[in-house]
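Have a look at this one.
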Amino acid sequence: MTIIRAALAPLLALLLTGCLLVPGQFEAEMTIAADGAFDFAYRGEVRIGGDENRGAVAPSGDGGARGDAPESGSVDPQFEEAVAAFMGGLNPNNEETVVAFAERLEARRGWNSVDYRGEGLFDVDFATSGTLDRDFLFPVVPDFILNFPMVAAVPRDDGTVRITILALMPEPNDDGQAEPGPIETIGNGTFTLVTTAPIVSTNGTVSEGDNAGEMIIRWSSDDPPGERPEAIIQLER
């Protein structure tokens, strides 16, 4: 049991401090044809979650999970090593590793540019195409043991595809629940889904496109707070 707790401790700390890649200001679009062919693009900010609390991502030697930014030399080196292991060598408190991470990410297919602006913030231009014969998630960073998918498109056996825009989910409070009344979303931006496939259901704003049979669904961080942004479409079978 002690060994299990020791192995889980860095993971729990990462979850508490939010050491994940999360959206900032962005514009994203996904086009899905009736046969499942798709194009996806994300342009905007990606940040290291929790980085607004620089130094709080690693506890001091007294074992605290969060708190005031520790003074120089007070960060637990073993914890920092564990964080780096979970994040593919990226240590949010070490800018050299963050810059190196941006360079590795930009070298991957689809990541047209990844510019590090400092303070845990990146400007990203990502685009890819494919077919929805399997799950599509963005982003997926193989170096990370933990990934937060900002967008997920999941095909099912009945030919439907559920598209979920997690980047625009309501920001949870400390209890994991969305605050009542006006609230902020995880990211700040707009997601546009363009499709010629029939729409089974959606909670986004729907309008007709310029081409025959084309429908456009939009979600924005400016929308009134509500359910998790998503749509279900029916592909040809």
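Scope of the values below: all heavy atoms of this structure, side chains included, with no hydrogens, waters or symmetry mates.
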task = Measure across R108 and V141 and return the closest heavy-atom pair with its distance rounded to 0.1 Å.
result =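 Here R108 and V141 meet closest at NH1-CG1, 4.2 Å.
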query = Is any side-chain heavy atom of D135 closer than 4.5 Å to a side-chain heavy atom of P155?
reply =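 In contact.
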key: Intermediate values then yes/no, side chain to side chain contact (heavy atoms under 4.5 Å, CB included), M150 and V46   = CA-CA 10 Å; M150 305 176 197; V46 171; 4.0 Å; yes
message = Looking at T185 and M169, would you say the former's side chain and the latter's main chain have a donor-acceptor pair under 3.5 Å?
response =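 Answer holds: no.
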task = Please report the shortest heavy-atom distance between I163 and A153, naming the atom on each side.
result =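 So the two residues come closest at CG1-CB, 4.2 Å.
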query = What residues, two or more places apart in sequence or in another chain, satisfy ring pair (Phe, Tyr, Trp, His ring centres under 6.0 Å) together with F38?
reply =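 F38: ring pair (Phe, Tyr, Trp, His ring centres under 6.0 Å) contacts with F136.
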request  = Could you walk me through whether V114 and E103 pass side chain to side chain contact (heavy atoms under 4.5 Å, CB included), step by step?
outcome  = CA-CA 7 Å; V114 182; E103 293 173 349; over 6 Å; no
Non-neighbouring partners of D125 that pass salt bridge (Lys or Arg N to Asp or Glu O under 4.0 Å), sequence neighbours left out =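 D125 satisfies salt bridge (Lys or Arg N to Asp or Glu O under 4.0 Å) with R43 once adjacent residues are dropped.
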key: Over 12 non-hydrogen atoms of neighbours within 6.0 angstrom of CZ in R218   =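 Not buried by this count: 12 neighbours or fewer within 6.0 Å.
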inquiry  = Could you measure the distance from the CD1 atom of I233 to the OG1 atom of T160? Nearest 0.5 Å is fine.
reply    =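 Between atom CD1 of I233 and atom OG1 of T160 there are 9.0 Å.
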task = With rounding to the nearest 0.5 Å, note down the distance linking CZ in R156 to CG in L132.
result =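 So the CZ of R156 and the CG of L132 are separated by 13.0 Å.
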key: Interatomic spacing from CG in L235 to OG1 in T131 - rounded to 0.5 Å   =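 Separation between the atoms: 10.0 Å.
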request  = Apply the test ring-ring contact (aromatic ring centres under 6.0 Å, His included) to residues W111 and F101: give CA-CA distance (whole Å), side-chain angles for both, the deciding distance (0.1 Å), then the verdict.
outcome  = CA-CA 13 Å; W111 297 87; F101 165 76; 8.4 Å; no
Residue pairs fulfilling side chain to side chain donor-acceptor pair (under 3.5 Å) with at least one residue in residues 205-217, sequence neighbours excluded =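 Counting only pairs at least two positions apart or across chains, the side chain to side chain donor-acceptor pair (under 3.5 Å) contacts touching residues 205-217 are N211-E214.
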message = Under the rule for salt bridge (Lys or Arg N to Asp or Glu O under 4.0 Å), what residues qualify as partners of D123, not counting sequence neighbours?
response =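 Checked D123 against salt bridge (Lys or Arg N to Asp or Glu O under 4.0 Å); matches are R117.
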request  = Indicate yes or no: at least one non-hydrogen side-chain atom of L193 is less than 4.5 angstrom from one of I216.
outcome  =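 The answer is no, as the side chains (C-beta and beyond) never meet within the 4.5 Å cut-off.
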query = Does the side chain to side chain contact (heavy atoms under 4.5 Å, CB included) test come out yes or no for M215 and V206, once each step is laid out?
reply = CA-CA 7 Å; M215 301 299 292; V206 182; 3.5 Å; yes
ask   = Which heavy atom in T196 sits nearest to a heavy atom in A33, and how many Å separate them?
value =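 So the two residues come closest at OG1-CA, 3.6 Å.
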ask   = Using a side-chain heavy atom cutoff under 4.5 Å and only I, L, V, M, F, W and Y, what cluster partners does V140 have?
value =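 In the cluster with V140 are L137.
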message = Measuring only between side-chain heavy atoms, which start at C-beta, is L21 closer than 4.5 Å to I48?
response =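 A side-chain contact exists here, since the closest heavy-atom pair is under 4.5 Å.
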key: 4.5 Å side-chain heavy-atom contact, I199 and Q234   =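 Side-chain contact under 4.5 Å: no.
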Identify every side-chain donor-acceptor pair in residues 22-31 under 3.5 Å, counting partners at least two apart or on other chains, and give the distances.
from: Q25; atom 1: OE1; to: N188; atom 2: ND2; distance (Å): 2.7
from: Q25; atom 1: NE2; to: N188; atom 2: O; distance (Å): 3.3

message = If I take atom OG1 from residue T128 and atom OH from residue Y42, how far apart are they, to the nearest 0.5 angstrom?
response =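 T128 OG1 to Y42 OH: 16.0 Å, rounded to 0.5 Å.
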query = Are W219 and V194 in one and the same hydrophobic cluster, where Ile, Leu, Val, Met, Phe, Trp and Tyr link if side-chain heavy atoms are under 4.5 Å apart?
reply =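 No, separate clusters.
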request  = State whether the number of non-hydrogen atoms from other residues, nucleotides or ligands found under 6.0 Å of R134 atom CZ is greater than 12.
outcome  =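 No - once you tally the heavy atoms of other residues, nucleotides and ligands closer than 6.0 Å, there are 12 at most.
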request  = Please tell me if the side chains of F191 and V151 come closer than 4.5 Å, counting only heavy atoms from C-beta onward.
outcome  =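 Answer yes - side chains close enough.
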message = I want to check something: taking the side chain as every heavy atom from C-beta on, are I217 and T192 in contact at a cut-off of under 4.5 Å?
response =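 The answer is no; the side chains never approach within 4.5 Å.
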Any side-chain heavy-atom pair of V161 and V154 under 4.5 Å =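 No, side chains not in contact.
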request  = Would you give the length of the straight line joining atom CG of D223 to atom OG1 of T190, rounded to the nearest 0.5 angstrom?
outcome  =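 The CG atom of D223 sits 8.0 Å away from the OG1 atom of T190.
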message = Nearest 0.5 angstrom please: L166 CG to R228 CZ, how far?
response =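 These two atoms lie 6.5 Å from each other.
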